[in-house]
Every structure is written in structure tokens, then in C-alpha cells.
Amino acid sequence: METAFQLFDCDYINNNSPVVRLFGKDKNGKTVCAFVKDFFPYFFVLPEEGKDEEVISFLEKNYKQLFFKAEHVEKYLPIGYRKEKVRMLKVFLKDPSQTPVVRDELRRQKFIKDIFEADILFKYRFMADKNISGMKWIKVHGPAAQTSVSKTDRKISVDSVEPIDDDTNADLKYMAIDIEVVSLKEGVPDPQKDPIIIISLSFFPAHEGNNTLLLMTKSIKKVDRDILIFKSETEMLKEFVSIIESYDPDVVLGYNINGFDLPFILERLKITKNSRALGRCDQKIVTSRKFGMKTRNSMAGRVVVDVYELIKESVGKGLLRLKRYGLGDVSRELIDEDKIDITHGEISKHWNGNEEQVKKLVDYARKDAELVLKLLLSKRMMDKFVEISKLSGLLLQDSLDGGEAVRVENLLLREFNKQDYVIPCKPESREIARREDEQQARGFKGALVLEPIVGLHTNAIVYLDFRSMYPSIFVAYNICPTTILFEDEKEFVKTPSGSRFVSPKLKEGIIPKIVHQLMSDRDKLKKRMKSATTEDERRSLNAKQIAVKYMTNSFYGYTGYVRARLYVLDIASTITACGRYLIQHTKNVVEEDNKFKVIYGDTDSIMVRTQTTDIDEAFKLGDFLEKKINAAHEGKISMKIEGVFKSLLILTKKRYAGFMVEKDNEQLKEKMTMKGIETVRRDWCDLVSKSLYTVLEIILKEQNPKKAFIYIKETLSKLEKNEIPIEDLVVTKSISKSLKEYKGVQPHIELLKKLKKRNPGDAPGIGDRVGYVIVKGLQLMSERAEDPEYVKQNKLKIDSRYYIENQLLPPLERVFEAIGISKSELVGVGKQLLLFDAIKNGVKKPKEDQSIKTIDGFICDRCNKSFRRVPLIGRCDKCSGEIMFYSGETKSRYFVL
DNA sequence: TAATGGTAGGGGAGGAAAGTAGGCTCATAT
DNA sequence: TACTGATATGAGCCTACATTCCTCCCCTAC
């Protein structure tokens, strides 16, 4: 019998000898589990000269049960150009789980020179050898298997496996989970003690007509159709297990499901003596493992997706701009839907409250599961990972969980093996330390950032960049671990930085080959995208295109990554050195005849000032430059015009704003671009981002600083009059490590300490973002950071002075200084405005009693310079005006304690 | 069984350290 | 001649301040 299915998961079980299991779904939506026998784990041993037999007898003697067989093979060593293969031993064992033991023991033996591929996960060893990939279709031959262990529609005992070419995707079933827990004590719920009270499930497609199901352990009168009530948590969990089995989801998802819901459920299942085999196999319970701060869960045959982690990753990679990661914030931003408002601390209160409150809690739980599912589906968050799986060969779960290194390694393993190369084992901790030291000592220089010409440029600026610079360098100079020359070779390619790689005529490097292929694949995908007829087709092609781009760009970072199997610092350094040469050389070429000036450039891009203000002409000049530069680089790497800036304000390296015109199908499109400036940074409050954006827009589009001034004046006066909503004043920052590890004093950390004291259960953790506002007071600014909600509730006063002097003015000063308006002019305007306006607006001047009761600081009567500490002289050191006490808007010579 | 791509760079806040001005004390002179 | 009080001056030391430099941290550009 022949069966084709899309490969969803793969693992192995040990029935005396290993059996590989392939999980997937066929065209009819039936789940499949295919069992493959007679595949054994192996690795390669390079013995010392002539010691082959010693290795074999050692294995025979010490690992009688485990050792299966050894074969003599000829392989290329992976690092450094090799003309000839080397004889080594391919050692087969009987049990994958024991491979590390044998490997480590062998390593200690004198007759061993090196060991290769002794740490490739068994499932990936199998998949690589059979040339099958996660999320691709495979065809298996074989009869139905007699087993009740796996819970799939079809079970097959496999004789042969092969990949098939099919680009479609099977329809998947999704189930979102959200649990609610009451904690007996204050703080984080403890699965040992605290019971689950509600399990909220959301399905796509519907489960027996229900889009949602709510399991709960308290009876309420007005019962919705989707509510199931149980007498005990034990019974509720039992039903939960059976729902999973009957619905049989492919994807199980949740918000922070890895960190909270799943581990918690597992613990409660254990305590209530329910089954923990939630996967498509009775034998394997769901495993939950902690790696440092991360928790990973695996469910045989299914995929666990944590939407919270996906969101964070997207933000981290700059694909998404969000200030906070809460489900509420994210839903509002991405799908314009709100969460029902209940804090963790209030859950117990609602649960133990009246009917109305319990009902609200139920609605809240239902909404959460719905939102998570909606986010994943409507934003098609998994598409990219499906494509990454197909490209790299990884299983979908590992594409989602793992980093770039695993992807690159999986791809390289296959390509290396195809060409008879072995790849090294992962470095041990000592080797990692050595690499780190080496990097420390030698340094690993990165890209070149050209010194910018700071200021406002109003001539047309042409913006050009290199197409996939680092990947192109790999290809252009045949850079690869397998081609790097340590010895003399007649035919070689020399990079501008002086490194030598063997000529591609003798050996085309493996990485260059892969990268070249990926780059041309991407070009084709982009072309197909342009002619796509349906939105679905376009979106699917786009996901592919993005995945290809990711893979292409991963190789450079990988070679400089200390934990990589194929870490070659020389290669990483060579790549960046070539990049530096290219950008510098390009600048020289552009400036050759004094018509153009390169005013800035970063890594792979340059901005060229022309002598025109006409956009069409600028584009023509851009085309001219493009041709000239590409000719200078002899087709090895090409530059492309990205657009023309009508006006551009450069503040510093990596910080600029411009009014850009792009060409899209011969249509001109205008847009504002801002890089690195506070408008795009998440650690400034919205007031700053918004007003700075407006100011920049006025300056760039209208070139009218006066108008910008007036705008600021209004903002400042609003701020002084407390007319700015507190939401606009919230500054958010990430927590990057545990409290103990922080050395200095920082606002968000100080606030975190306070929050932990107030409500340990609700306090944010590592990886979360904390939002704060600065309130009035005399302590360090960091100690005056406060939770906005707390400020509202306790009616604390916002420190408007902080927002003016430390938030609004500094970024504005930098902008105005760059356009030639002095800092003091603006500061003067800012501060005087602030005080004089306030006075004009009717703040009473004390007449009879000229003393004030509290002080906020010390201020110069003439120029309004403020001092943090009391100056001992009574004169302002700037203008020699008199120093006075002030409180709010009131100044006085006298201060009564 | 089991994790984690890279360097360059700006900028805020706090803290240490070296530098400095002014105050205090004491000696001395008038 | 011895002693007192008021006043001035300068040296030496101490303290608090303003400043500079550095570290830590966050986040971004590419």
C-alpha cells in the first residue's frame, strides 16, 4: 500500500531496536503514523594513523550490547580545502539514547583523532538520510501496522520512504487553550497547591459545532451553550483529556502556553492522576523542559505554538512595533479587539463573588482563548515557519522553537553529506570558552559606518544599497569552510581583505552554492508574486520569499557564532572585511569626479548628495550611479537605487529622518522614513514620539522651524497644565535579567521591586516590559518611577518638569541643533515659556508672605537654569542672576523649613 | 535527545574619582 | 612690661560641589 502525507512530526521509540515514527496528515485530512524499522544511529570516527582495528576492538570489548557494526568509509574533512578524502570509520550503534555515552568515552581514547556527527538527533539523522523535510510531503510503502499505541487514523509499517514534490498544505486543526487558576496564597499560582478552575478552549474548525468550550468547576445558573460544569477539578481534567483526543488538534496554542498553561496543566494532571499522554501516542506523555528562562513542551504528533513567544520574536526582529506584549495590548494593536478587563489578582475575587462576577470571569477566559486563536490565524503567524521547515528540513515544532543556528546546521548537514563531507560535533564548553577568548583577544570587527554629514540636506539625496551584501560576498569569493586555504594552492580567489579561498573551478564552496541557489529562488518567488492572481497565492509566495531571505541571511552570523559546528572566525571576519572594503570603495567611486558627495552610509548602503532638487533628475542620476558602481564591482555584487530623499535630516550615525520618494512600478510614492530617532524607539513615551514626529515632519516637508516652535510651545504648555493624558507619558522598558543581576539603579527595575512587593503574582518577569511614569518628589529619578495605574488610583502628581527637561527637550534640542538653531535658544524658549506662561495663566504670586512651604529645587531668577542641588552662591553661574527657591511655578527668595 | 546568529552605535542615568572653591581653624601680626 | 581685644591675613585642611569619565543598560541599524 502506498500512502502520501505531509510530515508533521517525527520521533522514535525503542522496541529492542529503534523504530522511527513519522506523523502527518494525508490529502483527505486523515492523520497518519508511519513506523520505520531497521535504521540505526551512527557517527564517524577518525582514528589515529593505522589505529582502525583498535577502535573496533575497543567497541566490541566495552560495548558488547550497544555496538552494532563499523564500516570503513572515505570522507572529506569539513574545514579547510581538501583535495582528498580521508579514511574513517562509520560506527553504528543499536540505541540512539546511548550514543552520547559511547561518544564521550571514545573521545578520551588516545587512538582517536576526531569524531564527527555524533550528536545529530536521531530523527534528523533519519530525515537527512531519507532526504525528507518537516512540512513537506512524503510517500511511504507498506502494510497497515498492528498497534494501538499511536492514536492516528492510519498506521503503517513502512518498507520505504521517499520525498515527493508537492507544495500544498494539508488543512490543520487548531485548538487554543487558556486556563484560570485561583491561588490560595498571594503571588504566583503554585501547581502543587492551587487548582485549575476554568479551562477555556477555542477551536478552528469548530468542534462538534462549538467554536469554544468552557470547562469549569462551579455551577452557575445562566449557562451558555458552550459551558460544561464539573463537580471536581479531577473530572474536568479528565474531560479535557478526552476532548483533545476526540478533537485531535494538529496545533495546540495559547498565550504564554509554554511558560504557564501547559506546565501547570501537566502538574495538575499528575496530581489528579489523569493521563498526561496528550499527543498522538499513548506511550509518550507530554514533556515539559526548562532551559534557563525558557520552557519547551513537546506533544508527540502535534505542534505546540506559543503566540506570546512569536509576538516577542517578531518585535525583537523589528517586524512588528509594539510597546508591550500583553495579550490585551497585542490584540488591540493587531486585530483591534479588546480583552475583558480582569487582572490576575482579581481572579479569585471574581470566582468567589456573585453570579455576575463569575459570569464575567467565564467571559474573560473565553475571550482570551478566542483572541489567541484569532491572532494566530488572521495574522497567519505560522506561514513563515512552515516555509522555514520546508527549506531547512526541520520539523515545524523545531522551526518555531529553535534559533537560526539549528536551521542553518540542518541544511548544511544535508548538503555536506551529499558531497561526502562530514560535519563536526557541536563544540564542548571548553571549546566554546576558547572561541570566546579568541574573539576577545583578536576582536571580530563588524561593518563600516561612514561618518555622516550632520544637518538638514535639502538637495535630492539618492539612497542606494547592495543587494544581499553578505550572501553575495560568500558567492563572489567562494567563501566556505570547505574552500578556505591554509596551504598553497595555484588557483585561488583572493578577497580584498587578503584571505584566500580555492578557485570555484577546483571546488565550488557548499555555502556559496546554497546561498546562490537561495538568492535565485527568491528572485523567482518575487517575480511570481508580482503576477499572482489571488491574494492567497500572493500571501503564500510572500511567506516563502521571506523564509528564503531569512535563510540566506543566516549564514554569515552562523560562521561567527561561537556555538556553531562550522564556526570559522576567519570566514566571519573575511565577510565583514569585504563588506567594509566594498562600501569604502563605492564611496570613492561615487566621489571620483567631485559631482557627488556621499553624506552617509551604513554597512551596505550609501546616501549620495546630488546638485539637484528635481526628483526625476535625481532618479536619473541614481541610475547612472548604479551602473557606474556595478561596473566598478565587475558583476560580483550589485547595488540598487532604493529611493530619493527630497529632504534628509541626519543627526548622528544610525539616526536620521527623511522625506523619501520611492519608485513602485514607475509610480512615485512619498513617505517619511525615520531611523534610530526617538520616534521609533520604544523606550521613550508617546508624547515624545508623537511630538518629535510632528516636528520632524514640519521641518522636512515644510522646512519651517518657526511652525515647529509654535507646536512645541503648545505641547509644553499642555504638559504644564496637566492636559496630556497619562498614557502618553508612559515610558516602557524591558526586563532583561533577574533582579539580582542588575548592578545599577534604573527606573523600571526600581518600579519592578515596588510591584513585586505590592502584588507578587502580577509582577512582570524577565522578558516582559514595564511601563512607568515619573512622579514628583525629591528622590533619584529612578526611585520616582511609578505604575501609571497606581498613579491614577492614588492621584499622584506627575513630574512635568522631568517630562520637559528629560523627555521632550533633549531630542528636540538635538534636532534643532542639527538645523542650526542653538540649544540655548530652544532651552530658553522651553523653560521661559513654561514659567512665564504659567504665571500669565494666573498662578498667584504671593504678596505678603513671600516664603514657600516646599521646594522642588533651585532656580536662577534670571535665566531659569535649574539646579539639582543647592548652589552655595546666590548667583547663577551662567548669567549671574540670583538663585531662588521654587515650588511648582512659584519662586521665592525665602524658604521656611 | 534537548537552547541561545553577528557587530556598530547612540544615548540616558548613575556613580566613582579627581579637581576645585570656599569654609573653618589656627597661627600670627598689627 | 605684660596682657587684652579687635582685626586682618595666610596656611593647611576639610568638605561639598560641579564636572568629567566610565559603566551599565536598552534599543536600534544593518
A:Thr652, nearest nucleotide to its side chain (from B:dG11, B:dG14, B:dG5): B:dG11
Quick check for you: among C:dC30, B:dT4, B:dG14, whose closest atom lies nearest to any side-chain atom of A:Lys675? C:dC30
So which of A:Asp329, A:Asp683, A:Asp686 actually passes side-chain contact (heavy atoms from CB on, under 4.5 Å) with A:Lys323? A:Asp686
Could a donor-acceptor pair under 3.5 angstrom be found where the side chain of A:Arg563 meets the base of B:dT4? yes
Classify A:Gly402 by what it touches in the nucleic acid, base, sugar-phosphate, or nothing, heavy-atom distance under 4.0 Å. sugar-phosphate
Could you check which of B:dT1, B:dG15, B:dG10 has an atom nearest any side-chain atom of A:Lys653? B:dG10
Please give the distance between the P atoms of B:dT4 and C:dT28 as a whole number of Å. 23 Å
Using a cut-off of 4.0 Å on non-hydrogen atoms, how would the nucleic acid contact of A:Glu678 be classed: base, sugar-phosphate, or nothing? nothing
The residue, A:Asp11 or A:Ser782, whose nearest nucleotide of DNA chain B is more 5′ is A:Asp11
Side chain of A:Arg681, base of C:dC27: donor and acceptor closer than 3.5 Å? yes
Over 60° means perpendicular and under 30° means parallel, so classify the ring planes of A:Tyr556 and A:Phe444, tilted if in between. perpendicular
Across the strands shown, which category fits A:Asn806 at heavy-atom distances under 4.0 angstrom: base, sugar-phosphate, nothing? sugar-phosphate
Taking the minimum atom-to-atom distance to the side chain of A:Lys426, which one of B:dT1, B:dA3, B:dG6 wins? B:dA3
